[in-house]
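Numbers here are sequence positions counted from 1.
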Amino acid sequence: MARRDRFRVGGKRMVRIFHSFRNSSRQLGPLEQRMLDGLWARGSATVRELVESGCDDLAYTTVMTTLDRLFKKGLLTRSDEGRAFRYAPRFSREELHREAAGHAFRQLLDASPASALPLSFLVEILGERDEQLLDDLRKLVERKRRELGQRETGQPKNGQKEKE
C-alpha cells in the first residue's frame, strides 16, 4: 500500500479512505457512473442506443470513450454487434457496491497497526447512525463465528446434508 494512503488518526488520509467507501463505485467519474446507471437500467446497449435513450446531451464519441474506459477497468463486457459493440455490466449494482465496500474495509484494516482502532470507529459510526445497525452487526458476527466453527469441525452448514 502506498505511504500516502496509510491511516493517521485525525489526518486527511483517514478522510480519503472513508471517501472511497462512500463512493461505492470504485472512484468512478460522473460520466462513468451515468453510463453504468444507463446499462443497469437497460441490461445492455450499444453506444448509439445509450445516446438515443437519455445521453443525447453527450457526443457519441464521449459515450464511446467512457464505455471503453469502463470496459478496460473490467466493469463491462462487450460483444461485437455488426460494426459496433454491445456493452453490458459485468457486475450488478449490489455486487459493485459490495466489492467497493470490501476494498475500503480492507484498506482501513491494513492501514492501521492496531486492527481494533478501525473497528472501534466502525462501531462508533454505526451507533451514531442507527442503533439497529449495531444489532445487525452483532448478528452478522455471530453468524460468521458459527460458520467458522462449523468449518473447523467439518460440520455442514445449516440446511446442508452431509455427504454420504
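Remark: E142 CD is packed, more than 12 non-hydrogen atoms of other residues, nucleotides or ligands lying under 6.0 Å away. Taking a 6.0 Å sphere around CD of E131, one finds it holds 12 or fewer heavy atoms contributed by other residues, nucleotides or ligands.
R143 contributes no side-chain N or O that, together with a main-chain N or O of K139, makes up a donor-acceptor pair within less than 3.5 Å. Side-chain N or O atoms of S120 include one that pairs as donor or acceptor with a backbone N or O of L117 at under 3.5 Å.
Using a 4.5 Å cut-off on side-chain heavy atoms (C-beta onward), D37 and R93 make contact. Contact check for M35 versus L75: no side-chain heavy atoms found under the 4.5 Å cut-off. Looking at heavy atoms from C-beta onward, L133 lies out of side-chain contact with I125 at the 4.5 angstrom threshold. Contact annotation: the side chain of L126 approaches that of L122 to within less than 4.5 Å [non-hydrogen atoms, C-beta and beyond]. In this structure, the side chains of V47 and F85 stay at 4.5 Å or more apart for every pair of heavy atoms. With a 4.5 Å cut-off on side-chain heavy atoms, R69 and T66 count as touching. Side chains of L28 and L70 form a contact here, defined as non-hydrogen atoms less than 4.5 Å apart. Within the 4.5 Å cutoff, the side chain of R86 has heavy atoms near those of the T46 side chain.
The distance from the CD atom of Q33 to the CG atom of L96 is 7.5 Å, given to the nearest 0.5 Å. Rounding to the nearest 0.5 Å gives a distance of 10.0 Å between CG of L50 and CG of L58. Taken from OG1 in T65 to NZ in K72, the straight-line distance is 9.0 Å, to the nearest 0.5 Å. Interatomic distance, CD of E81 versus CD of E49, reported as 6.5 Å (0.5 Å rounding). Between atom CZ of residue R34 and atom CG of residue L36 there is a gap of 13.0 Å, rounded to the nearest 0.5 Å.
Closest approach of G74 to F91, counting heavy atoms only: O-CE1, 3.5 Å. Counting all heavy atoms, side chain and backbone alike, E32 lies closest to G29 at OE1-N, 2.8 Å. A pairwise comparison of heavy atoms in P89 and G43 identifies CD-O, 3.2 Å as the closest pair. In plain terms, the two heavy atoms of L134 and G127 that are nearest each other are CD1-CA, 3.8 Å. Of all heavy-atom pairs between L39 and Y87, the closest is CD2-O, 3.6 Å.
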Side chain to side chain contact (heavy atoms under 4.5 Å, CB included) evaluation trace for V51 with R48
CA-CA 5 Å; V51 168; R48 183 161 317 284; 5.7 Å; no

Just do the side chain to side chain contact (heavy atoms under 4.5 Å, CB included) check on D68 and R78 with the steps written out, would you?
CA-CA 9 Å; D68 185 59; R78 73 180 176 195; 2.8 Å; yes

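Under a hydrophobic clustering in which Ile, Leu, Val, Met, Phe, Trp and Tyr are joined whenever their side-chain heavy atoms come within less than 4.5 Å, directly or via other members, V141 and L148 fall into different clusters. A chain of hydrophobic side-chain contacts below 4.5 Å, direct or via other Ile, Leu, Val, Met, Phe, Trp or Tyr residues, connects L67 to Y60.
Ionic pairing of E147 and K144 is present here: one or more N-O contacts between side-chain nitrogen and carboxylate oxygen are shorter than 4.0 angstrom.
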